[in-house]
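Step one of this worksheet: look at the structure below.
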Amino acid sequence: MPVRRRPDHLPKYVLVLFTRHRDGIWHFADTLGKAGRDWEGAWRTEVASQTLAKAKKKYADNPGLFDVEQLFAPEAFDPEDYERQHRAQWQAVIESNIRTVLAAEGRFRLPDRILAVYGTVLGMASERHVRAAIKALHDAGEVANTGVGKYFFREPIRPIT
């Protein structure tokens with residue numbers, strides 16, 4: 001997983017997982033998604049603080065009608081609200097990715113196709129979004145896996161026959 005200071009920066013390093021456990025990659029991807037919300041809040045707060053510092057410096061000798069602190073104060077980042085705003089989009093991407101892998105392979109296990117399943121939302125979405133995508137696909141009559149249970153990710157994803 002490329003690690004960046006902000007989304008528009010080049011990666012500083014790449015986070016790599018070495019594991020022999022067959023579920024390791026699954027838990028790694030889930031943790032990346034949860035950590036992604038913390039990272040999102042951290043870089044947004046940093047950018048807002050830098051903007052406030054620049055504004056204070058710029059207007060230090062020329063006070064206006066409004067308080068610079070109030071105009072440029074960083075808005076508090078709410079990770080739950082961020083997740084709520086992106087949940088449907090992440091789920092839709094994962095559903096589409098699952099359909100693509102299913103069409104190409106006929107059946108597969110989630111831990112064996114992490115990059116293909118998460119795709120562009122790796123590091124943002126987590127297990128809950130994959131579970132929701134599988135439940136939606138099951139409810140639509142597309143896959144046999146129900147997305148229910150602690151170890152749903154170990155069950156193969158296959159079409160309903």
Side-chain angles (χ1 to χ4, degrees), residues 1-19 21-53 55 69-104 108-158:
M1 180 71 190
V3 179
R4 311 164 193 276
R5 289 180 59 92
R6 294 196 323 236
D8 58 333
H9 287 189
L10 291 173
K12 292 288 235 176
Y13 58 91
V14 176
L15 189 60
V16 179
L17 171 73
F18 295 96
T19 182
H21 197 282
R22 61 187 288 174
D23 296 343
I25 190 80
W26 174 258
H27 296 297
F28 183 66
D30 179 47
T31 301
L32 286 175
K34 292 172 182 172
R37 287 187 282 286
D38 294 337
W39 173 76
E40 189 76 24
W43 77 260
R44 286 175 184 257
T45 300
E46 180 185 355
V47 168
S49 296
Q50 289 171 352
T51 302
L52 176 59
E69 287 273 348
Q70 289 178 329
L71 288 175
F72 295 96
E75 191 174 309
F77 179 79
D78 180 359
E80 299 301 320
D81 186 48
Y82 173 77
E83 192 271 336
R84 264 190 306 277
Q85 290 176 12
H86 293 86
R87 180 184 303 152
Q89 174 197 358
W90 294 339
Q91 181 179 330
V93 167
I94 293 167
E95 283 180 41
S96 175
N97 293 345
I98 289 172
R99 283 186 189 104
T100 300
V101 176
L102 202 55
F108 67 97
R109 285 184 62 251
L110 290 166
D112 298 336
R113 299 291 179 265
I114 289 292
L115 293 177
V117 168
Y118 277 92
T120 58
V121 297
L122 181 65
M124 295 177 266
S126 61
E127 178 182 307
R128 75 185 328 182
H129 306 104
V130 176
R131 182 187 298 271
I134 290 172
K135 284 181 177 182
L137 290 169
H138 178 76
D139 291 346
E142 294 183 51
V143 298
N145 188 317
T146 61
V148 175
K150 183 175 180 180
Y151 299 110
F152 78 96
F153 61 91
R154 290 180 179 166
E155 298 297 320
I157 305 297
R158 60 180 175 77

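- In terms of heavy atoms, P111 sits closest to W26 at CG-CB, 4.2 Å.
- Heavy atoms of other residues, nucleotides or ligands lying less than 6.0 angstrom from CZ of R158 number 12 at most.
- With contacts defined as side-chain heavy-atom distances shorter than 4.5 Å, the pair F28/I114 does not qualify.
- Residue E40 holds its CD atom at 10.0 Å from OG1 of T45, rounded to the nearest 0.5 Å.
- For F77, the ring pair (Phe, Tyr, Trp, His ring centres under 6.0 Å) test picks out Y82, with sequence neighbours left out.
- Listed by first and then second residue, the side chain to side chain donor-acceptor pair (under 3.5 Å) pairs that reach into residues 132-141 come to none, sequence neighbours excluded.
- With rounding to the nearest 0.5 Å, the separation of OG1 in T120 from CG in N97 is 6.5 Å.
- Taking both residues in full, the closest heavy atoms of G149 and R131 are given as O-NH1, 3.0 Å, listed atom of the first, atom of the second, then distance.
- Salt-bridge check for E142 with R99: passed, with a basic side-chain N closer than 4.0 Å to an acidic carboxylate O.
- From L102, atom CG reaches atom CZ of R113 across 12.0 Å, with rounding to the nearest 0.5 Å.
- Judged by distance alone, with hydrogens and angles left aside, the side-chain atoms of N145 form no donor-acceptor pair with the main-chain N or O of I134 at under 3.5 Å.
- When all heavy atoms are compared, the tightest approach of M1 to L122 is CE-O, 3.5 Å.
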As a quick check of understanding, evaluate side-chain contact (heavy atoms from CB on, under 4.5 Å) for R128 and E83, giving each step before the final call. CA-CA 11 Å; R128 75 185 328 182; E83 192 271 336; 3.8 Å; yes
Does the side chain to side chain donor-acceptor pair (under 3.5 Å) test come out yes or no for H27 and E127, once each step is laid out? CA-CA 8 Å; H27 296 297; E127 178 182 307; 5.1 Å; no
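- Scanning both residues, H129 and Q91, for their nearest heavy atoms gives O-CG, 4.2 Å.
- Between atom CZ of residue R4 and atom CG of residue D8 there is a gap of 9.5 Å, rounded to the nearest 0.5 Å.
- Residues F108 and I98 meet the side-chain proximity criterion, which asks for heavy atoms closer than 4.5 Å.
- Listed by chain and residue number, nothing satisfies the ring pair (Phe, Tyr, Trp, His ring centres under 6.0 Å) test with Y118 (two or more places apart in sequence, or in another chain).
- Here the CD1-CD distance, from I94 to Q89, works out to 10.5 Å after rounding to the nearest 0.5 Å.
- For R22, the CZ atom counts as loosely surrounded, since its 6.0 Å shell holds 12 or fewer non-hydrogen atoms of other residues, nucleotides or ligands.
- Under the 30°/60° scheme for interplanar angles, the aromatic rings of W43 and W39 are found to be tilted.
- Environment of CZ in R109: crowded, with over 12 heavy atoms of neighbouring residues, nucleotides or ligands closer than 6.0 Å.
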Could you give me the CA-CA distance, side-chain angles and deciding distance for L15 and L32, then say whether side-chain contact (heavy atoms from CB on, under 4.5 Å) is met? CA-CA 10 Å; L15 189 60; L32 286 175; 4.1 Å; yes
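- Using a distance-only test at 3.5 Å, with no hydrogens or angles considered, no donor-acceptor pair links the side chain of S96 to the main chain of A92.
- The pair E46-R6 fails the salt-bridge criterion, with no side-chain N (NZ, NE, NH1 or NH2) lying under 4.0 Å from an Asp/Glu carboxylate O.
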